[in-house]
Amino acid sequence: PPAVLARFAGARVARLATTAADGPRLVPVTFAWHRGTAVWAVDRVKPKRHRRLRRLDDIAADPRVALLADHYAEDWTELWWVELQGTAATLEGEAAAAALDALAGRYPAYRAERPPGPVVAVSPRRWAWWSAT
């Protein structure tokens, strides 16, 4: 439903779940809803040891991922979560540049320093959601 997509797309951060040989992995990612996919990129803004992250290796081995966006408030009538289960793929060329433009439109840090990538798009296969109201 449009309201569910609006909640998901409006969230400032999501948790990316990947599957590794040693079990599931969960990390927060900044993202943008762009052309029917959730896009995120490896950036230099948040400290990392290198750009080849374990989540990228996980996706190369198994592109099935999940993204969870949620909202918590002390008033529990305001609670909600939205899960996108999908398939992740690395973007290149103009598709990557357009996704980076979408990310820069959401996050001032990305306007100041465009992420070098890689850029990843998650195409939805299934949605799940819950809301207290």
Side-chain angles (χ1 to χ4, degrees):
V4 171
L5 180 56
R7 280 185 172 164
F8 180 83
R12 299 300 291 163
V13 66
R15 281 78 178 161
L16 171 70
T18 60
T19 303
D22 59 348
R25 197 177 326 274
L26 191 63
V27 295
V29 293
T30 52
F31 74 99
W33 184 251
H34 175 69
R35 298 181 181 167
T37 65
V39 296
W40 55 271
V42 177
D43 62 40
R44 288 186 287 252
V45 177
K46 301 176 291 298
K48 296 168 189 63
R49 283 182 239 130
H50 49 79
R51 285 188 17 219
R52 188 65 198 179
L53 303 176
R54 290 188 305 178
R55 69 192 85 158
L56 297 173
D57 292 337
D58 294 347
I59 289 168
D62 185 347
R64 294 174 301 163
V65 301
L67 284 166
L68 178 73
D70 66 309
H71 174 74
Y72 177 82
E74 293 301 328
D75 177 353
W76 287 7
T77 64
E78 297 177 16
L79 303 179
W80 61 263
W81 59 262
V82 178
E83 177 192 29
L84 178 162
Q85 293 181 9
T87 305
T90 302
L91 300 177
E92 297 182 4
E94 287 189 28
L100 288 171
D101 288 343
L103 287 162
R106 289 199 74 196
Y107 301 102
Y110 290 168
R111 286 191 288 278
E113 184 175 347
R114 195 173 178 97
V119 180
V120 177
V122 179
S123 298
R125 284 185 300 111
R126 182 173 169 253
W127 293 89
W129 61 89
W130 173 85
S131 172
T133 57

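Residue indices begin at 1 and follow the sequence shown.
- The aromatic rings of W127 and F8 sit perpendicular, their planes meeting at an angle over 60°, well past the 30° parallel limit.
- Here L100 contributes atom CG and R111 contributes atom CZ; the two are 13.5 Å apart, rounded to the nearest 0.5 Å.
- Across all non-hydrogen atoms, the minimal contact from S131 to R7 is OG-NH1, 3.0 Å.
- Ion pair R114/D101 flagged as a salt bridge, since at least one NZ, NE, NH1 or NH2 atom sits closer than 4.0 Å to an Asp/Glu carboxylate oxygen.
- Few gaps surround CD on E78; more than 12 heavy atoms of other groups in view lie less than 6.0 Å from it.
- Between T19 and R64 there is no side-chain heavy-atom pair separated by less than 4.5 Å.
- Here the closest non-hydrogen pair linking A88 and I59 is CB-CG2, 3.7 Å.
- Sparse packing is recorded around CZ of R35, with 12 or fewer heavy atoms of other residues, nucleotides or ligands lying under 6.0 Å away.
- Atom CG of L103 and atom CG of D43 lie 9.0 Å apart (nearest 0.5 Å).
- When side chains are defined from C-beta on, V122 does not count as touching T37, because their heavy atoms never get closer than 4.5 Å.
- Between V13 and V29, the shortest heavy-atom distance links the atoms CG2-O, 3.2 Å.
- The closest donor-acceptor contact from the side chain of Y110 to the backbone of A102 lies at 3.5 Å or more, if one exists at all.
- The salt bridge (Lys or Arg N to Asp or Glu O under 4.0 Å) test with R25 is passed by exactly one of D58, D57, D62: D58.
- The heavy-atom pair separating L84 from P124 by the smallest distance is CD1-CG, 3.9 Å.
- Heavy-atom minimum distance, W80 versus A11: CH2-CB, 4.4 Å.
- A distance-only check finds no donor-acceptor pair linking the side chain of R126 to the backbone of E83 [under 3.5 Å].
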